[in-house]
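Side-chain atoms are counted along with the backbone in the values below, which use heavy atoms only and exclude waters and symmetry mates. Note that ligands are numbered from 1 as they come in the structure, with each ligand's atoms numbered from 1 the same way.
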Amino acid sequence: MAESWIAEHSLKTLKRLLPDIEQEFATPIKNREAHWKGFTKRLYSEWERLFENLHRLYGWQYDFFYTLEQVLRVVTRAWAERPDRLIELDCEREADPEWFLSREMVGGVLYVDLFSDKLARLPDHIPYFRQLGLTYLHLMPLFAIPHGDNDGGYAVSDYRAVNPDIGGMEDLNRLARILRKEGISLVIDFVFNHTSNDHIWAKKAAAGDPEFQNYYYMFPDRTIPDQYQANLRDIFPTVRKGSFTWVDEIQRWVWTTFNSFQWDLNYSNPEVFTAMAEEMFFLANQGIEILRLDAVAFIWKRIGSSCENLDEAHIIIQAYNAMAKIAAPALLFKSEAIVHPDEVIRYIGVDECRLSYNPLLMALLWESLATGETRLLNHAMHRRNRIPEKCSWVNYLRCHDDIGWTFDDADAAAIGIDPAGHRKFLNDFYTGRFPGSFARGVPFQYNPDTGDLRVCGTLASLAGLEAALEREDPDLIETAVRRIDLLRSIMLSIGGIPLIYLGDEWGMMNDYTYLSDPMKVNDSRWVHRRKNYRKSRDDPFSRDSLEWRFFHEMVRLINIRKSMTQFQNTGTEIIETGNGRLFGYLRENSVGRILVVNNFSNVHQRVDQNELSALGFKGRFMELVENRPINVESGLLIGPYRFVWILFEYGSVD
Ligand code: OTU
């Protein structure tokens, strides 16, 4: 479509639609005249882009004009209903749009029921969050869900109701306000690829209502499903084959990418687009500052394609982004795309998702820990760590899901690694089948047709602590502790927001009780989703425990990170250390640079003096982790699984 056509028509439609909308919302507009000016300013600056996106998605439909009107109504209503305190936050964020790039940002993620039992009890843990320096708290899905299996909350029955077992919407609203006062941003999932089959829309569809049947993908026979299925991948192959579920009551095949009770929403229907936008704004208006966009890869389907990462998926998110910028500019999106690294990057942008999980770094850190080598990590990070400006990675070591080996095959091949064989090795290694493996992982979703497998387990169990403790071997225990410290130090020193899967700060280990729970036994991800109750106020660990050591080491590193301006989130330069067992990078700003070098092997490793002086490191510097001067005149020696953060302050080298 010619740009000028879009420009002209978008403006024309806006001018035609706006007067009616202004009438409809006359009262709220009158009450907040000054803010309405801000709203319309944003509307005029975002509308063209929004119009263009909607035109690409729905422009061919006879009622496109109606869709535009609806979209305008949704954003206006969202603004009208937005509480004053959030309008203030919008202004604050507009004045400081890069606030989330601060080195102060540290994230934590938890399950409310496993961490504090009730939502209303969560504020009791604020002293603990403060001790860790958290500024970002992601609560795992906490909405109304079907009884029985609900995919850990990812089958949402009502986006406007909290699961009554843990509290109500007023608790969430109150929590958001308390957290904001504490300088902590609330992060919640927007599970927008699917609803549960218990959602009112699904129930209406199942009762035969054609309007709501069109909210999902439903087919009377296998003709079309088979055409789609030919190119689809099974996400949960051990639970079910294929992406469609037969629903007897309506005699239809329903598209279910994940579990049979998770029905994929049909975004080719503009009603779904606007209905979900309303749910999104409802959440934003509770005080949620960052939405984790779940399963972004799957939201658009086309016959003949894999139905993952299609262009329209990006357009939908960009349209939501434009709407958010208009009605709730403080809102940010984080993309959850655990897919090929080329595809992960495509979701990141100022006009799409400002934040993204960094699954490649996560997977390759584990890869390096298993092999003791960093060639693949170095090679891949060199090429793929850079993202658009004013955006940020969210770096994590573990999350509530499995680990998949998402590296690029060509990256592996380029350094002589056979990708398929290597994935098999990694799976064997982390499920403890490889001789000499230290890891205690559990297999997830083995697919006999493709040989695919993923791995579950906590940071501590995967890094060898569980096995070491069982053998009561102090050396092995010490080595496992060092591995854990190593990974955590990387998460805290590389560019991006570090995200702690809470429990990992004290070395939480696998929990095998899920094996005796019929609702969980088929989903080994429960092995790392364990009860994690914390005493609220006091230091929760006894001083001679490993937990205490883990916790305080983590806090110490976090504090160093927060105190050094070089850790401001302005990117990371991956460097050549000349040693295939080390992973090094520079964090730099106008006043200095920090050289971070991590040793992934179990023996000492050297960086030669030549490499160091090429990076400007010659002479004596401060090493920040141990807080001692270090002389790198004749190279650098790093102990097994150790790491250094070396500071070079410009103008102060001797
Ligand atoms: C997400 O993950 C959630 O993180 C999972 O907990 C949910 O089960 C799932 O969506 C459904 O809501 O398949 O194994 O990016 O890897 O979206 C995890 C592709 C998943 C998928 C990811 C998905």
* Output yes when Lys118 and Asp113 qualify as a salt bridge under the 4.0 Å nitrogen-oxygen rule, no when they do not. => no
* To do: Give the numbers and elements of all ligand 1 atoms closer than 4.0 Å to a heavy atom of Ile338.
  => 15 (O), 16 (O), 19 (C)
* At what distance is the nearest protein heavy atom to atom 18 (C) of ligand 1, and which residue and atom is it? -> Asp401 OD2, 3.5 Å
* Please identify which atoms of ligand 1 are closer than 4.0 Å to at least one heavy atom of Ile235. => 13 (O)
* **Per-atom contacts, ligand 1 versus Phe236 - under 4.0 Å to a heavy atom** => 8 (O), 14 (O)
* Does any donor atom in the side chain of Lys334 or Tyr357 lie under 3.5 Å from an acceptor atom in the other side chain? -> yes
* To do: Considering the heavy atoms of Phe298, write down every atom of ligand 1 situated less than 4.0 Å from one of them.
  => 19 (C)
* Structure fact -> Here the atoms of ligand 1 under 4.0 Å from any heavy atom belonging to His400 are 3 (C), 4 (O), 5 (C), 6 (O)
* Asked: Tell me: protein heavy atom nearest atom 20 (C) of ligand 1, and distance?
  -> Phe258 CE2, 3.9 Å
* For ligand 1, is Gln445 a contact, meaning one of its heavy atoms is under 4.0 Å away? -> no
* Interfacing atoms of ligand 1 (cut-off 4.0 Å, heavy-atom, Arg454) -> 14 (O)
* Structure fact -> Short version for Val296: what comes under 4.0 Å of ligand 1, heavy atoms counted, is neither
* Counting from 1, what ligand 1 atoms have a heavy atom of Asp151 closer than 4.0 Å? -> 7 (C), 8 (O), 9 (C), 11 (C), 12 (O)
* Using a strict cut-off of 4.0 Å, indicate which atoms of ligand 1 neighbour a heavy atom of Ala295. => 17 (O)
* For the pair Tyr216 (side chain) and Ala202 (backbone), establish whether a donor and an acceptor sit closer than 3.5 Å, ignoring hydrogens and angles. => yes
* To do: Assess the pair Phe425 and Phe429: is the distance between their ring centroids shorter than 6.0 Å?
  => yes
* Structure fact -> atom 22 (C) of ligand 1 sits nearest the protein heavy atom Glu336 OE2, 3.2 Å
* Just heavy atoms, cut-off under 4.0 Å: does Asp294 contact ligand 1 by side chain, backbone, both, or neither? -> side chain
* Asked: Got a salt bridge between Arg302 and Glu312, using NZ or NE/NH1/NH2 to carboxylate O under 4.0 Å?
  -> yes
* Asked: Would you say the side chain of Pro359 lies within less than 4.5 Å of the side chain of Tyr396, judging by non-hydrogen atoms?
  -> yes
* Return yes if some donor-acceptor pair links the side-chain N/O of Arg56 with the main-chain N/O of Tyr58 below 3.5 Å, else return no. => no
* **Ser243 and Arg233: side chain donor to acceptor below 3.5 Å** => no
* To do: Please verify whether a non-hydrogen atom of Arg292 lies at under 4.0 Å from ligand 1.
  => yes
* For Trp253, the option from Trp263, Tyr228, Trp246, Phe219 that meets ring-ring contact (aromatic ring centres under 6.0 Å, His included) -> Trp246
* Would you kindly say whether His340 and Asn309 are connected by a side-chain donor-acceptor distance under 3.5 Å? => no
